[in-house]
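Step one of this worksheet: look at the structure below.
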Amino acid sequence: METETVALAHPFDLAATLNSGQVFHWNRHEDGFVGLIGEVPAFLAQPAPGELRIDSPQPGAVKKFLALDHDMAAIRRSFPRRDARLAEACDFCPGLRILRQPVWECLATFITSSLKQVSQIRGMSLRLRAEFGRPLPFRGAVLHTYPSPGTLAEAGEAQLRACQLGYRAAYLHRAAIDIASGALELEALRGRSTSEVRAALRGLHGVGAKVANCVLLFAYERIDAFPVDVWIERALRQLYFAGSTGVTAKAVREFAGHHFGPNGGYAQQFLFHYARMTGLKSPDRD
DNA sequence: GCTCAGGGTCGAT
DNA sequence: ATCGACCCTGAG
């Protein structure tokens, strides 16, 4: 076990990042958080804004996961000038980071996300881990790894349904089979173009445009990917199309696809967080 | 108790 | 391209 204290070069907000709907299994522990990055356990705390404490057998893997190297100033400079709404969303939480997640658990988790609230996604994820994952004692707690595709394939759809996945159990089970069988190799996709990865992911039953974009953004480091969900669509309509009626969902997606540029995924995350935290919630009126 | 929406996607028109 | 169905749980 190593303990390392990192002096942060760029704005970083640990709590906001771990609670921003990218990952769903980190738990508060003492003055920080415990969780797993794949098979690597970690305790993380941020005693001061510019300081991060990492307790982990593999601190290097943790730093990579947290994307501490992302140059936030450069990312913000790449955003459209004169976009005051986006600037406000960035200023609301400048330390938000897009993580580099292990691919399978990211994919699997977002497959189960459809028509669920963040807290419910978390519940499903934790139940799957507790039921089918490998227990890993760490700092007095017991963490559970995310179950492998083979494990979930073998478990069967009914067992997954028992973890309260509803109709998502069939999606996850079929995806697990496709990956366990080698029909789709997630790691081999790393070297392919974004559109190729997207097409491969969408070949899985239960993976549509939104989930594919989440996996591209949160696991394959495709920072231009811009997932459009109900929150983002609401936020975009309110912030960029206020007063315009009859704007189609497709028009909103197309706007999102070109307006924010090569780091659009970060813009999405800033807007998503801003919308959720400030309760930009009221149903879509004009 | 009952209604309703919740980080969507599929299959049929 | 548009539209209802889909499992089920917690909040109102």
Side-chain angles (χ1 to χ4, degrees), chain A residues 16-26 89 93 96 98-99 101 105-128 131 155-178 184 198-220 222 225-239 246-254 256-257 260 264-285:
Chain A
T17 299
L18 293 181
N19 288 317
S20 65
Q22 300 180 63
V23 286
F24 302 89
H25 64 286
W26 287 78
C93 187
L96 207 52
I98 298 214
L99 301 166
Q101 291 185 47
E105 57 186 74
C106 178
L107 169 63
T109 304
F110 279 96
I111 283 176
T112 65
S113 73
S114 95
L115 283 189
K116 282 291 182 188
Q117 313 184 53
V118 170
S119 62
Q120 298 176 311
I121 300 167
R122 177 180 165 82
M124 292 185 288
S125 169
L126 293 176
R127 281 188 289 277
L128 286 168
E131 188 70 23
E157 183 186 328
Q159 293 292 312
L160 303 189
R161 202 169 266 265
C163 293
Q164 305 180 23
L165 268 66
Y167 63 82
R168 302 157 197 81
Y171 293 166
L172 182 58
H173 188 232
R174 285 180 63 171
I177 289 171
D178 286 346
L184 180 63
R198 180 179 284 117
L201 291 173
R202 291 203 55 173
L204 294 167
H205 192 68
V207 179
K210 192 271 174 181
V211 170
N213 278 326
C214 283
V215 178
L216 283 165
L217 180 59
F218 300 142
Y220 284 105
R222 310 305 163 103
F226 196 109
V228 177
D229 56 49
V230 294
W231 284 97
I232 286 296
E233 185 171 342
R234 239 180 247 151
L236 292 178
R237 281 181 185 282
Q238 207 155 317
L239 296 173
V247 180
T248 64
K250 182 162 171 278
V252 175
R253 282 198 305 275
E254 281 171 1
F260 297 101
Y266 255 106
Q268 184 270 359
Q269 202 60 23
F270 284 126
L271 290 167
F272 177 70
H273 186 71
Y274 181 68
R276 280 215 310 151
M277 295 300 135
T278 62
L280 212 66
K281 195 182 171 75
S282 54
D284 332 272
R285 288 160 299 115

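Per chain, numbering begins at 1; letters A, B, ... match sequence-line order.
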- Item | Distance-only donor-acceptor test (3.5 Å): side chain Arg168(A), base dC7(C) | yes

- Below 4.0 Å: OP1/OP2 of dG6(B) and any side-chain N or O of Arg276(A): no

- Query: Are any non-hydrogen side-chain atoms of Leu128(A) and Thr109(A) less than 4.5 angstrom apart?
  - Reply: no

- Task: Remember a base hit wins even if backbone is also touched, and classify Gln164(A) as base, sugar-phosphate or nothing at under 4.0 Å, heavy atoms.
- Result: sugar-phosphate

- Under 4.0 Å between any heavy atoms, over every strand shown, what does Ile111(A) touch: base, sugar-phosphate, or nothing? Just pick one. nothing

- Item | Nearest-nucleotide comparison on DNA chain B, the residue closer to the 5′ end among Leu204(A) and Phe110(A) | Phe110(A)

- Message: Counting the atoms with a prime plus P, OP1 and OP2 as sugar-phosphate, which does Val228(A) contact under 4.0 Å by heavy atoms, base, sugar-phosphate, or nothing?
- Response: nothing

- Task: Specify the separation, in whole Å, of atom CZ of Arg174(A) and atom C1' of dG8(B).
- Result: 16 Å

- Query: Heavy atoms under 4.0 Å, any strand shown: does Gly166(A) hit a base, just sugar-phosphate, or nothing?
  - Reply: base

- Task: Rounded to whole angstrom, note down the C1' distance from dT9(B) over to dG10(C).
- Result: 23 Å

- Message: In whole Å, I'd like the distance from the CD atom of Gln120(A) to the P atom of dT9(C).
- Response: 10 Å

- Length of the line joining Leu165(A):CG and dC6(C):C1', which is rounded to integer Å: 14 Å

- In whole Å, what separates the P atom of dG4(C) from that of dC4(B)? 16 Å

- In whole angstrom, give the distance that lies between atom CG of Leu115(A) and atom P of dA5(C). 14 Å

- Query: Contact class for Ala209(A) (heavy atom, under 4.0 Å): base, sugar-phosphate, or nothing?
  - Reply: sugar-phosphate

- Could you check which nucleotide pairs with dC10(B) in any of the strands shown, counting Watson-Crick or G-U wobble with both distances under 3.5 Å? dG4(C)

- Separation of dG10(C) atom C1' from Lys116(A) atom NZ, nearest Å, is 9 Å

- Looking across every strand, which nucleic acid part, if any, lies under 4.0 Å from Thr109(A) by heavy atom: base, sugar-phosphate, or nothing? nothing

- Just how far, in rounded Å, is P of dG4(C) from OH of Tyr167(A)? 16 Å

- Residue whose nearest DNA chain B nucleotide is more 5′ - Asp229(A) or Val207(A): Asp229(A)

